[in-house]
Amino acid sequence: MSRVFRLLNTAACRMAVLAWISLAGGAYAAQPSVPYVPTPQEVVERMLEIAKVGPQDYVIDLGSGDGRIVVTAAKKYGARGFGVDLNPVRIKESVENAGKAGVSDRVAFHERNLFETDLNDASVITMYLLPRVNLDLRPKLLDLKPGTRIVSHDFDMDDWKPEQSVDMTVKAKYGDSPGTSSVYFWVVPAKAAGTWQWRQTVGGKPVSYELVLDQKYQNISGNMRVSGAGTRVQDAKLRGDQISFGFGADVNGSPMKHEFSGRVSGDTIVGTVRFSGGRAQGQSDWNATRVKKTGLPAGGHTITFAGR
Ligand SMILES: C[S@@+](CC[C@H](N)C(=O)[O-])C[C@H]1O[C@@H](n2cnc3c(N)ncnc32)[C@H](O)[C@@H]1O
């Protein structure tokens with residue numbers, strides 16, 4: 001079984017194996033869609049450290065094997081969580097391993113298809129699956145609570161680029177054989193695309209703002225209208241539900257730098273704005289409302305939802 005994973009890690013064979021997986025993909029119900037290959041313990045710990053797992057976290061491992069990721073998350077990092085695996089032998093091993101580690105009160109293991117598992121309690125999702133399976137899971141992962149962290153061993157998410165990736169040399173990757181492991185890390189972004197509007201009092205006068213944001217995964221870009229005049233947004237960042245961006249615009253006849261930061265929650269953003277330059281300096285509250293929503297279908301192009 002481990003040969004499949006070793007093949008996937010050699011560049012020459014990757015495309016052929018991916019093509020085979022694409023043809024075979026989609027039938028996840030009856031048989032495990034991914035062979036059992038355990039993540040080496042040092043990689044498990046690196047995955048959990050990259051995801052900054054701690055006592056507040058709820059970790060779900062998709063295809064949990066012998067339970068090592070969830071058991072380590074509980075024992076070493078104080079988290080809670082569960083694992084799912086289609087193989088009853090793996091579930092039995094996991095329950096035993098949790099007992100030996102003394103964490104049975106904080107973890108659970110379920111014989112269940114990962115595609116039929118409710119992931120909404122997760123603050124962290126871990127996985128060691130296959131490229132095609134990652135891609136089939138991607139829409140479900142992107143619909144999780146903004147800020148949910150996802151960490152994957154060896155396989156990425158195609159054009160959903162990770163926030164961080166690390167390659168590490170592992171002494172015993174497949175049995176006793178050495179190898180290289182890659183760890184990929186994502187944060188589920190809020191759905192921020194659309195047209196946002198707000199008013200701000202600057203230098204004692206009301207100013208109207210409109211922001212049109214485009215989004216592809218966590219990457220955002222946009223255009224502003226400030227009292228009707230257009231300008232391009234700079235340094236736009238979205239991490240989970242935290243958004244920030246800036247721009248320069250003339251306000252009441254003076255050039256002024258604006259720096260916004262806030263939290264996206266549904267169709268509102270609440271945060272602060274800092275102004276500098278011109279006649280007004282300082283900081284004030286920022287409350288924006290989305291008046292038209294756009295979203296990202298699986299193909300990656302922006303579409304418009306029914307607006308309000
Ligand atoms: C590569 S192993 C990873 C095990 C463990 N997560 C680790 O990293 O050590 C993949 C596991 O996924 C399980 N699996 C494959 N397809 C599954 C599915 N559709 N639902 C649940 N588990 C699945 C397999 O039985 C196997 O134990």
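Note that ligands are numbered from 1 as they come in the structure, with each ligand's atoms numbered from 1 the same way. Computed from heavy atoms alone, side chains included, the values below leave out hydrogens, waters and symmetry copies.
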Answer with yes or no whether the side chains of D118 and N120 bring together a donor and an acceptor at under 3.5 Å. yes
Compute whether any side-chain donor of one residue and acceptor of the other, for S221 and D214, lie under 3.5 angstrom apart.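 Judged by distance alone, the side chains do not pair up.
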Between [X] (side chain only) and [Y] (backbone N and O only), is there a donor and an acceptor less than 3.5 Å apart?
| X | Y | result |
| --- | --- | --- |
| T195 | V212 | no |
| K140 | F115 | yes |
| R149 | A51 | yes |

Could you tell me whether some N/O pair between [X] and ligand 1 is separated by less than 3.5 angstrom?
| X | answer |
| --- | --- |
| I69 | no |
| L62 | no |
| R90 | no |
| Y128 | no |
| T39 | yes |

Looking at non-hydrogen atoms alone, which of S152, G65, G63 comes nearest to atom 6 (N) of ligand 1?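 That would be G63.
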Which of the atoms of ligand 1 are close to [X], meaning less than 4.0 Å from one of its heavy atoms?
| X | value |
| --- | --- |
| D61 | 5 (C), 6 (N) |
| L86 | 17 (C), 18 (C), 19 (N), 20 (N), 21 (C), 22 (N) |
| D85 | 11 (C), 12 (O), 13 (C), 21 (C), 22 (N), 24 (C), 25 (O), 26 (C), 27 (O) |
| P38 | 9 (O) |
| N113 | 18 (C), 19 (N), 20 (N) |

If you look at every heavy atom in L238 and Y217, which pair is closest and at what distance?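 For L238 versus Y217, the nearest heavy atoms are CD2-O, 4.5 Å.
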Run the ring-centre check on W198 versus F260 and record whether the distance is less than 6.0 Å. yes
Residue-ligand contact [X]/ligand 1, heavy atom below 4.0 Å:
| X | answer |
| --- | --- |
| P35 | yes |
| R68 | yes |
| R112 | yes |

Who pairs with K92 by side-chain contact (heavy atoms from CB on, under 4.5 Å), at least two apart in sequence or on another chain? E96
Excluding sequence neighbours, so at least two apart, what forms salt bridge (charged side-chain N to carboxylate O under 4.0 Å, His left out) with E259? R274
